[in-house]
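Reviewing the structure listed below.
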2 protein chains.
Amino acid sequence: MNNQDEQRLEECYCPAQKALSILGGKWTLSIIRELSSGTKRFGQLQKSLKGISPKTLSARLQELEKQAIVTKEIYLEVPPRVEYSLTTKGESLKKILLDLVKWGTENLRSED
Amino acid sequence: MNNQDEQRLEECYCPAQKALSILGGKWTLSIIRELSSGTKRFGQLQKSLKGISPKTLSARLQELEKQAIVTKEIYLEVPPRVEYSLTTKGESLKKILLDLVKWGTENLRSED
DNA sequence: CGGTATCCTGGCTGATACTG
DNA sequence: CAGTATCAGCCAGGATACCG
């Protein structure tokens, strides 16, 4: 790591903090993973993510949508149909997440 | 992103989840930032991180030490002196964090 | 089907006092 | 100085019921 990087590391952690606060939600990573394999409906997500409550799923999706990581498509049908998918910005997250997977795998104790 | 990466993304998010749970602590990033500029004592950290309680600082340091991200050096003196510093593993985190800073800066809404 | 409203709980954190 | 002990508060998340 060069001095330029070192400098930036010292001064600007806020965006990283915010990114962590968003990605750190209990189900956020799982939601992104589900959507990374393609568009899914609310019910499909709820079914895949066994154990998540509709309230939490809704909250996380709204947060991800606000950050433009996920888009929501509403079809005016009966019964209603709503589809969620990753945006380009969401796709750009994958690289970071893969780095995190790699680092975690190499460096974290799996116990406890 | 190639197919190999995509595959890994689908299957192994657990380490990323764990990494996020560790890094996501309210003060964790700040502690790492403080230590990235060099070895510091408990009191120094407490003073730099204005507002952190000794209980929380102790808890986060113990967690980081358990993951070997931080090392603790105890000097048997009166008054006691204890120094904390980043390990090589801790240093290796900087790259990930810089990527996170970069991604967050480019992609996250700063409002709300 | 796709949510929202309500109530409730556990865990992280803060404040503060105390100890080796 | 470097923590631990204790008590209290907040908030993400869980369970469940209900609505357009």
Side-chain angles (χ1 to χ4, degrees), chain A residues 13 17-35 38-67 69-86 112, chain B residues 13-14 16-35 38-67 69-86 112:
Chain A
Y13 257 6
Q17 187 85 60
K18 183 156 184 58
L20 286 173
S21 78
I22 291 169
L23 299 175
K26 180 173 176 183
W27 295 94
T28 312
L29 231 47
S30 303
I31 291 173
I32 293 174
R33 183 189 54 217
E34 287 299 320
L35 293 182
T39 295
K40 289 214 168 53
R41 301 172 61 166
F42 189 91
Q44 285 182 290
L45 288 171
Q46 194 173 9
K47 195 177 169 188
S48 304
L49 307 169
K50 302 185 210 310
I52 194 173
S53 70
K55 172 187 167 183
T56 300
L57 178 55
S58 175
R60 293 287 71 77
L61 285 172
Q62 282 183 24
E63 185 177 37
L64 291 173
E65 197 192 352
K66 188 164 72 177
Q67 294 297 337
I69 290 169
V70 158
T71 45
K72 178 180 182 175
E73 189 92 16
I74 304 177
Y75 297 86
L76 297 175
E77 306 172 356
V78 180
R81 182 162 62 101
V82 179
E83 295 186 341
Y84 293 90
S85 46
L86 285 188
D112 46 53
Chain B
Y13 258 4
C14 312
Q17 186 85 61
K18 185 159 183 56
L20 286 174
S21 78
I22 292 169
L23 298 176
K26 180 173 175 181
W27 294 95
T28 312
L29 230 49
S30 302
I31 291 172
I32 293 174
R33 182 189 55 217
E34 286 299 319
L35 293 181
T39 295
K40 290 213 168 56
R41 301 173 61 166
F42 189 90
Q44 285 182 289
L45 288 171
Q46 195 172 8
K47 194 177 169 189
S48 304
L49 308 170
K50 303 185 209 311
I52 195 172
S53 70
K55 174 186 167 185
T56 299
L57 177 55
S58 175
R60 294 286 73 79
L61 284 172
Q62 282 182 25
E63 184 178 38
L64 291 173
E65 197 192 352
K66 188 163 72 176
Q67 295 297 338
I69 291 169
V70 157
T71 44
K72 177 180 181 175
E73 189 92 14
I74 304 177
Y75 296 87
L76 298 175
E77 306 172 355
V78 180
R81 180 161 62 102
V82 180
E83 294 186 342
Y84 294 91
S85 46
L86 285 188
D112 49 51

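Computation of the quantities below employed the complete heavy-atom set of this structure, encompassing side-chain atoms and omitting hydrogens, waters and symmetry-equivalent molecules. Within every chain, numbering begins at 1; the chains are lettered A, B, ... in the order of the sequence lines, protein sequences first and strands thereafter.
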So what does [X] touch, heavy atoms closer than 4.0 Å: a base, only the sugar-phosphate, or nothing?
{"X": "B:Gln62", "value": "sugar-phosphate"}
{"X": "B:Lys47", "value": "nothing"}
{"X": "A:Tyr84", "value": "sugar-phosphate"}

Does the side chain to side chain contact (heavy atoms under 4.5 Å, CB included) test come out yes or no for B:Leu64 and B:Ile22, once each step is laid out?
CA-CA 8 Å; B:Leu64 291 173; B:Ile22 292 169; 4.2 Å; yes
Taking side chain to side chain donor-acceptor pair (under 3.5 Å) as the definition, give me every residue that meets it alongside [X], ordered by chain and number, with sequence neighbours left out.
{"X": "B:Ser53", "value": "B:Thr56"}
{"X": "B:Ser21", "value": "none"}
{"X": "B:Glu63", "value": "B:Arg60"}
{"X": "A:Thr28", "value": "none"}

Between [atom2] of [N] and [atom1] of [X], the distance in whole Å:
{"X": "B:Arg81", "N": "D:dG3", "atom1": "CZ", "atom2": "P", "answer": "13 Å"}
{"X": "B:Lys40", "N": "D:dC1", "atom1": "NZ", "atom2": "C1'", "answer": "17 Å"}
{"X": "B:Ile31", "N": "D:dG3", "atom1": "CD1", "atom2": "P", "answer": "12 Å"}

Run the side-chain donor-acceptor check on residues 70-78 of chain B: report pairs under 3.5 Å with partners two or more places apart or on a different chain.
unit_1, atom_1, unit_2, atom_2, d
B:Thr71, OG1, B:Ser85, O, 3.4
B:Thr71, OG1, B:Ser85, OG, 3.4
B:Tyr75, OH, B:Glu83, OE1, 3.3
B:Glu77, OE1, B:Arg81, NE, 3.3
B:Glu77, OE2, B:Arg81, NH2, 3.0

For A:Ser48, the side-chain contact (heavy atoms from CB on, under 4.5 Å) test, sequence neighbours excluded, returns A:Glu34
Residue set satisfying side-chain contact (heavy atoms from CB on, under 4.5 Å) with B:Pro54, at least two apart, ordered chain then number -> B:Phe42, B:Gln46
For DNA chain C, consecutive-pair runs of 3 or more (Watson-Crick or G-U wobble, both H-bond-type distances under 3.5 Å) give C:1-20 with D:1-20
Footprint ends on DNA chain C, 5' to 3', for atoms under 4.0 angstrom from a heavy atom of chain B, come out as C:dT13 to C:dG20
Below 4.0 angstrom from OP1 or OP2 of D:dA2, is there any side-chain N or O of B:Arg41?
yes
* Can you tell me if the side-chain N/O atoms of B:Ser58 get under 4.0 Å from OP1 or OP2 in D:dA2? -> no
Given protein heavy atoms under 4.0 Å, the one-letter contact record of nucleotides 9-20 of chain D, with B base, S sugar-phosphate only and - none, is simply ----BBBB---B
The complete set of salt bridge (Lys or Arg N to Asp or Glu O under 4.0 Å) pairs with one or both residues in residues 41-52 of chain B, sequence neighbours excluded, reads none
Closest non-hydrogen contact found for B:Ile32 with B:Leu86 is O-CD1, 4.1 Å
Criterion side chain to side chain contact (heavy atoms under 4.5 Å, CB included) on A:Trp27 and A:Leu57, from CA distance to verdict: CA-CA 8 Å; A:Trp27 295 94; A:Leu57 178 55; over 6 Å; no
